[in-house]
There are 2 protein chains.
Amino acid sequence: MTDHSTCQSCSQRFNSVFCKAKDEFVNQINEQKICNVYKRGQILFNEGSYPFGVYCINSGKVKLSHLGDDGKEQIIRLLKAGDVVGYRALLSGDRYSASAVALEDTQICFIPKELFVSVLKLDPGLAFEMMKLLSDELHRAEIKLTHLAQKPIRERLAETLLFIKETYGFEEDGITLNVRLSREEIANLVGTATESAIRLLSEFKKDGMVELDGKKIKILKQKELVRAANLQD
Amino acid sequence: MTDHSTCQSCSQRFNSVFCKAKDEFVNQINEQKICNVYKRGQILFNEGSYPFGVYCINSGKVKLSHLGDDGKEQIIRLLKAGDVVGYRALLSGDRYSASAVALEDTQICFIPKELFVSVLKLDPGLAFEMMKLLSDELHRAEIKLTHLAQKPIRERLAETLLFIKETYGFEEDGITLNVRLSREEIANLVGTATESAIRLLSEFKKDGMVELDGKKIKILKQKELVRAANLQD
DNA sequence: TCAAAAACATGATTTTTATCATGTTTTTTA
DNA sequence: TAAAAAACATGATAAAAATCATGTTTTTGA
């Protein structure tokens, strides 16, 4: 869904919630979509503002985060090519409860609210995929919630590193996490103080599980990291 | 949706996700629904088993909870008349990731999976309400997640008491929470150790905010409780 | 490009929270 | 209904995590 291409031929089409949508509606979306490039740090939308549509990520990376009651960021989701953002508030009929910010230069297509909703009503394939997406996100949120309540920070940090790997994968070298996050962002993903995240990353390094080179994080011993995460499945 | 009544005349119909469903489909559901009474403590479904349908609560109360990796319960949701349970796993195509247990004697109608899914495909009104429900639950989960990551236990306990009040309301006296939960269940809702929950409840009592009489909890000073919860809105 | 700002790192300390221990009360059930 | 079990309560202690302090390194922007 880049400027010069179409939704019909979009590389992410069958990798997204639109995979089951009928051609007829994909064509309609193609007519009305607006494509844009967001630079690293640019805001797609801000907590508290009204949703006017949904955002399809064609390439790049985006973080979705809340501000807690005392102003501290909590990162709710990490998004990549093929993901859609901004549907939660739109479907609830709320303002955005989270902000979306590009983590690197990112190509995004905007689909206006009215069009998205009308297609959702006419295309049960899309509606079903949407429900599946919401259900999966709800599942993830409930698991995370349980882990936040019950697991120590060390385990949650290990889990977060594995989650980052699942989401963005490795660079060509096969061991470096394919995203640059600040220590503060990692802490806000784990749900802890920045210093604690830094300290535990140093421990993981000392234990030989990871290698740290600025914001580059290499996973040296994934199995040990899985053990450190203490997951049941 | 009791045994002797019909979905068409169900007192919860317009108070539920089926509020926008077409009569035609409500009639179909009425034909195939199976109504049951669950005694306090009885299990509707168990984490790990396969979903065969969804459960509509006609009266009574149900808790939905996860087991954490170390076997500790985390209560995910509290459900009441008009609520539907068991749709998450069904829509995701997963096994149940949580168990549902009746908190008191509860009347529940079961709607078989195939019927529910087929109606969902044919009735955009129901599909939309379902998406709205999922979005709202996702929102709630994200807020809770942020609070678990950022707020101290005292604030979370206060918030939990207010949440229980929002969900189940008061008894006729206007101050007693209309549900009986053990201290352990309250702790598993807050995400803390049972002793911590007990201790902080005692503090709230000492501060005159609540009155404790076994499992009966009376809210004496709601405003102070709101302040103790330190919510932003 | 170089000065300022931000991010990173780590030790020391304090606060928060969990765990352990023990006694009491309530609930269950044989 | 009485004995056993479960739940509740609270103090003492230990562990976990946050905060504070300070110095170093990296990044940013004038």
Side-chain angles (χ1 to χ4, degrees), chain A residues 39-42 68-75 101 103-104 146-160 179-207 210-218 228 230, chain B residues 39-42 68-75 101 103-104 147-160 177 179-207 210-218 228 230:
Chain A
K39 294 263 168 215
R40 177 171 176 280
Q42 267 198 296
D69 293 354
D70 54 352
K72 188 178 172 178
E73 176 188 52
Q74 178 68 32
I75 301 183
V101 177
L103 289 171
E104 59 184 49
T146 303
H147 289 183
L148 275 164
Q150 301 188 354
K151 286 166 152 272
I153 294 182
R154 189 186 152 88
E155 294 182 15
R156 302 210 311 266
L157 175 61
E159 193 177 6
T160 297
V179 66
R180 299 296 141 84
L181 295 169
S182 69
R183 299 293 190 262
E184 189 179 8
E185 285 173 318
I186 292 174
N188 294 346
L189 214 35
V190 173
T192 188
T194 307
E195 295 95 323
S196 299
I198 290 173
R199 222 181 292 275
L200 285 166
L201 276 172
S202 297
E203 267 192 39
F204 285 180
K205 179 182 168 185
K206 210 175 298 171
D207 298 347
V210 306
E211 193 180 308
L212 303 174
D213 174 14
K215 289 194 176 50
K216 283 191 222 172
I217 298 177
K218 292 186 208 298
N230 187 29
Chain B
K39 294 261 166 214
R40 178 171 175 278
Q42 267 197 297
D69 293 355
D70 55 351
K72 189 178 170 177
E73 176 188 52
Q74 178 68 33
I75 301 183
V101 177
L103 289 171
E104 58 184 48
H147 289 183
L148 275 164
Q150 299 188 358
K151 285 166 153 275
I153 294 183
R154 189 185 153 86
E155 294 182 16
R156 301 209 313 263
L157 174 62
E159 192 177 7
T160 297
L177 291 180
V179 67
R180 298 297 140 86
L181 296 168
S182 69
R183 300 291 191 263
E184 189 179 7
E185 285 173 318
I186 292 174
N188 294 345
L189 215 34
V190 173
T192 187
T194 306
E195 295 95 323
S196 299
I198 290 174
R199 222 181 291 274
L200 285 166
L201 276 173
S202 298
E203 265 192 39
F204 285 0
K205 179 183 167 186
K206 210 175 298 172
D207 297 348
V210 304
E211 192 180 308
L212 304 173
D213 174 15
K215 290 194 175 52
K216 283 190 222 169
I217 298 177
K218 293 188 208 299
N230 187 28

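Chain letters run A, B, ... following the sequence lines, proteins first and then strands; every chain starts at 1. None of the values given here were measured: they were computed from a predicted structure.
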List the residues meeting side chain to side chain contact (heavy atoms under 4.5 Å, CB included) with [X], not counting sequence neighbours, and say none if there are none.
X	result
B:Q74	A:L145, A:T146, A:A149, A:Q150, B:H66, B:I76, B:K144
A:E155	A:K151, A:P152, A:N230
B:V179	B:K61, B:L103, B:I164, B:Y168, B:L181
A:K206	none

Heavy-atom closest pair, residues A:G41 and A:V101: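 In terms of heavy atoms, the two residues are closest at O-CG1, 3.6 Å.
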Would you mind reading off the distance between [X] atom [atom1] and [N] atom [atom2], rounded to a whole angstrom?
X	N	atom1	atom2	value
B:L201	D:dC8	CG	P	10 Å
B:L157	C:dA18	CG	P	12 Å
B:I198	D:dG11	CD1	C1'	13 Å
A:L148	C:dT17	CG	P	14 Å
B:E203	C:dT16	CD	P	11 Å
B:N188	D:dC8	CG	P	11 Å
A:L212	C:dA7	CG	P	18 Å
B:F204	D:dC8	CZ	C1'	18 Å

Rounded (10°) bend between the five-pair end axes of the helix from C:dT1-D:dA30 to C:dA30-D:dT1: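 Taking the rotation axis at each end, their angle is 60°.
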Can you give me every donor-acceptor pair (side chain of residues 183-191 of chain A, partner residue at least two apart or in another chain, under 3.5 Å) with its distance?
{"unit_1": "A:R183", "atom_1": "NH1", "unit_2": "A:G214", "atom_2": "O", "d": "3.2"}
{"unit_1": "A:R183", "atom_1": "NH2", "unit_2": "A:G214", "atom_2": "O", "d": "3.1"}
{"unit_1": "A:E185", "atom_1": "OE1", "unit_2": "A:S182", "atom_2": "N", "d": "3.0"}
{"unit_1": "A:E185", "atom_1": "OE2", "unit_2": "A:K63", "atom_2": "NZ", "d": "2.8"}
{"unit_1": "A:N188", "atom_1": "ND2", "unit_2": "A:E73", "atom_2": "OE1", "d": "2.9"}
{"unit_1": "A:N188", "atom_1": "ND2", "unit_2": "A:E184", "atom_2": "O", "d": "3.4"}

Do other residues, nucleotides or ligands put more than 12 heavy atoms under 6.0 Å from the NZ atom of B:K205?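 At most 12 heavy atoms, drawn from other residues, nucleotides or ligands, come within 6.0 Å of this atom.
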Please classify the nucleic acid contact of B:T194 as base, sugar-phosphate, or nothing, using heavy-atom distances under 4.0 Å.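 Since no nucleic acid heavy atom lies under 4.0 Å of B:T194, the category is nothing.
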By salt bridge (Lys or Arg N to Asp or Glu O under 4.0 Å) - contacts of A:E211 (at least two apart):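 A:E211 satisfies salt bridge (Lys or Arg N to Asp or Glu O under 4.0 Å) with no residue once adjacent residues are dropped.
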Sequence neighbours excluded, which residues qualify as salt bridge (Lys or Arg N to Asp or Glu O under 4.0 Å) partners of A:R180?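 A:E171.
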With the sugar-phosphate defined as primed atoms, P, OP1 and OP2, and the base as all remaining atoms, what B/S/- string results for nucleotides 12-30 of chain D, 5' to 3', for protein heavy atoms under 4.0 Å? B----SSBB-------S--
